[in-house]
Undergrad: 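Would you mind keeping the following structure in view while I ask a few things?
Naming convention: chains lettered A, B, ... in sequence-line order (proteins, then strands); numbering from 1 in each chain.
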Amino acid sequence: MPELPEVETVCRGLAPTVEGRVFADVVQRRKTLRIPLPENFAGRLKGRRVLSVRRRAKYLLLHLDNGEVLVIHLGMSGRITILEPPDQGGESGNGKHDHVVFQMDDNVRVVFTDPRRFGLMTLIGEEALASHPLFCHLGPEPLGNDFNGDMLSDALRGRRSPIKTTLLDQKVVVGLGNIYVCEALYRAGISPRRTAASVAGKRAERLVPHIRDVLSEAIEAGGSSLRDYKGADGELGYFQNAHAVYGREGEPCPGCDCDRAVQRIVQSNRSTFFCSARQR
DNA sequence: CGTACACCCTGGCCGC
DNA sequence: TGCGGCCAGGGTGTAC
């Protein structure tokens, strides 16, 4: 599930729970997720205090009191669940895919669950973060000031691959995934098949606010679903949004009178949903 | 360099 | 009920 809005939602849900708290215990049930966890991962975390929880691209960054940063990526199927004592409901933190359990000093447990194990977790010194291979090639944050029409135009110019594929490239702009790329292109009326180069200029100018809007609205929706989840099972990161085109193959295009059905095509082995009348 | 594709892994769903 | 095929929100390594 996690694209930028979902990761941001997890970040906001996690911050009040763990900021200022100490890892009393860390249970690591697997050596490897997408990459091996660091040697002595649990030992290095135990006793450390969490100073702050931040997000960069689709990564969660837990800054610790020893100058290290706990980096978490949720991959495709990663989830984080907060279990407040006394535990209620079916969540135990002992599920088949509960790979890491962080026990805080107030007995709240933070559970990392990831069936497909495309997620990752590692520890990086704060000073080495920006130059680290995971982070050094990342493009600008789409909700930040560095992301604008001129910047996007420059990044798209000369690129011959489809705009859909190009926007998934985290070197161009971070945070977009398959859903929100489809949704942003739909809103902007830009065909996913158009070359990136042909979007440079006016179309890029038009696209930027749609990217910002679709992400901001999803964060809002996440915030409200987060409130709904409080007191439920504590799970962060899973909520259903209303998507205009994503997953709606065959349904009527919702945004105009074109009377055409939403189409599904495959680009770079991933589904793209769009309206061929509205998006040119 | 940019681009295309296989691949990592599990589970859910659909048709037979 | 079982099985094969296909699909899934991400990212990387390899080959051209």
Undergrad: Write down the distance between NE2 (A:His99) and C1' (B:dT10), rounded to a whole number of angstrom.
TA: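 In whole Å, B:dT10 C1' lies 9 Å from A:His99 NE2.
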
Undergrad: Determine, for A:Glu68 against A:Arg44, whether the closest basic-nitrogen to carboxylate-oxygen distance falls under 4.0 angstrom.
TA: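 So A:Glu68 pairs with A:Arg44 through a salt bridge.
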
Undergrad: With a cut-off of less than 4.0 Å, is there a side-chain N or O of A:Gln170 near OP1 or OP2 of C:dG11?
TA: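 So the side chain of A:Gln170 is within the cut-off, an N or O lying under 4.0 Å from OP1 or OP2 of C:dG11.
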
Undergrad: Honestly, is A:Arg278 close enough over A:Tyr186, meaning NZ or CZ under 6.0 Å from the six-membered ring centre and within 45° of the axis?
TA: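 The answer is yes, since A:Arg278 meets both limits relative to A:Tyr186.
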
Undergrad: Using a 5.5 Å cut-off between ring centres and planes within 30 degrees, is A:Phe118 stacked on the base of B:dC8?
TA: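 Yes, aromatic ring over the base.
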
Undergrad: May I ask you to evaluate whether A:Asn269 reaches the phosphate of B:dA6, defined as a side-chain N or O under 4.0 Å from OP1 or OP2?
TA: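 The answer is yes; a side-chain N or O of A:Asn269 sits under 4.0 Å from OP1 or OP2.
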
Undergrad: Contact class for A:Ser161 vs. all strands (heavy atom < 4.0 Å): base, sugar-phosphate, or nothing?
TA: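 Sugar-phosphate only.
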
Undergrad: Taking A:Asp25 first and then A:Lys46, would you say they form a salt bridge - that is, a charged N and a carboxylate O separated by under 4.0 Å?
TA: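 Yes, this pair counts.
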
Undergrad: Can you tell me the distance, in whole Å, between the CZ atom of A:Arg157 and the C1' atom of B:dG2?
TA: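 Between C1' of B:dG2 and CZ of A:Arg157: 17 Å.
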
Undergrad: On a plain distance test, is the side chain of A:Arg116 in donor-acceptor contact with the base of B:dC9 below 3.5 Å?
TA: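 Pair found.
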
Undergrad: What is the distance, rounded to the nearest whole Å, between atom CZ of A:Phe135 and atom C1' of C:dT12?
TA: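 Distance check: A:Phe135 CZ to C:dT12 C1' gives 15 Å.
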
Undergrad: May I ask you to decide if the ring planes of A:Phe112 and A:His99 are parallel, tilted or perpendicular, using 30° and 60° as cut-offs?
TA: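 A:Phe112 and A:His99: tilted rings.
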
Undergrad: Among C:dA8, B:dT3, B:dG11, find the nucleotide with the atom closest to the side chain of A:Lys96.
TA: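 Output: B:dG11.
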
Undergrad: Rounded to the nearest angstrom, tell me the gap between atom CG in A:Leu33 and atom P in C:dG11.
TA: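 Taking atom P of C:dG11 as the reference, CG of A:Leu33 is at 15 Å.
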
Undergrad: Taking the side chain as every heavy atom from C-beta outward, state whether A:Tyr59 and A:Val69 have any atom pair closer than 4.5 Å.
TA: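 With C-beta onward as the side chain, the pair stays apart.
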
Undergrad: Expressed in whole Å, how much space separates the P atoms belonging to C:dT14 and B:dC9?
TA: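 The same atom, P, in both gives a distance of 16 Å.
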
Undergrad: Scan every strand shown for a Watson-Crick or G-U wobble partner of B:dT10, both distances under 3.5 Å, and answer none if you come up empty.
TA: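 Paired with C:dA8.
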
Undergrad: Using the P atom in both, what is the distance from C:dC6 to B:dA6, to the nearest Å?
TA: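 Straight-line distance between the two P atoms is 13 Å.
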
Undergrad: Are any of A:His73's side-chain N or O atoms less than 4.0 Å away from OP1 or OP2 of C:dG11?
TA: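 Answer is yes, contact under 4.0 Å.
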
Undergrad: State whether A:Arg117 places a side-chain N or O below 4.0 Å from either non-bridging phosphate oxygen (OP1 or OP2) of B:dC8.
TA: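 For B:dC8, neither OP1 nor OP2 has a side-chain N or O of A:Arg117 closer than 4.0 Å.
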
Undergrad: Base, sugar-phosphate, or nothing for A:Lys171, non-hydrogen atoms under 4.0 angstrom?
TA: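 Nothing, no heavy atom under 4.0 Å.
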
Undergrad: Would you mind classifying the nucleic acid contact of A:Thr165 as base, sugar-phosphate or nothing, using non-hydrogen atoms under 4.0 angstrom?
TA: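 The answer is nothing, as A:Thr165 stays clear of every strand by at least 4.0 Å.
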
Undergrad: Within the pair A:Arg34 and B:dC7, is there a side-chain N or O less than 4.0 Å away from OP1 or OP2?
TA: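 For B:dC7, neither OP1 nor OP2 has a side-chain N or O of A:Arg34 closer than 4.0 Å.
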
Undergrad: Output the single nucleotide from B:dA4, B:dT10, C:dT12 whose closest atom is nearest the side chain of A:His97.
TA: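 Among B:dA4, B:dT10, C:dT12, the one nearest the side chain of A:His97 is B:dT10.
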
Undergrad: If you check the A:Leu134 side chain, which of C:dG9, C:dA8, C:dT12 turns out closest?
TA: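 For A:Leu134, the side-chain atoms sit closest to C:dT12.
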
Undergrad: C:dG9 phosphate, OP1 or OP2: any side-chain N/O from A:Tyr180 under 4.0 angstrom?
TA: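 Checking C:dG9 against A:Tyr180, no side-chain N or O comes under 4.0 Å of OP1 or OP2.
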
Undergrad: For the pair A:Gln267 and A:Thr272, evaluate side chain to side chain donor-acceptor pair (under 3.5 Å) and give the outcome as yes or no after the intermediate values.
TA: CA-CA 7 Å; A:Gln267 297 178 291; A:Thr272 301; 2.7 Å; yes

Undergrad: Quick one: which of C:dT12, C:dG9, B:dG11 gets closest to the side chain of A:Glu6?
TA: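 My answer, after comparing the listed nucleotides, is C:dG9.
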
Undergrad: Looking at B:dG11, I'd like to know if its phosphate oxygens (OP1 or OP2) sit under 4.0 Å from a side-chain N or O belonging to A:Ser77.
TA: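 Checking B:dG11 against A:Ser77, no side-chain N or O comes under 4.0 Å of OP1 or OP2.
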
Undergrad: Using the C1' atom as the point on both nucleotides, what is the distance between B:dT3 and C:dG9, in whole Å?
TA: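 That atom pair is separated by 23 Å.
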
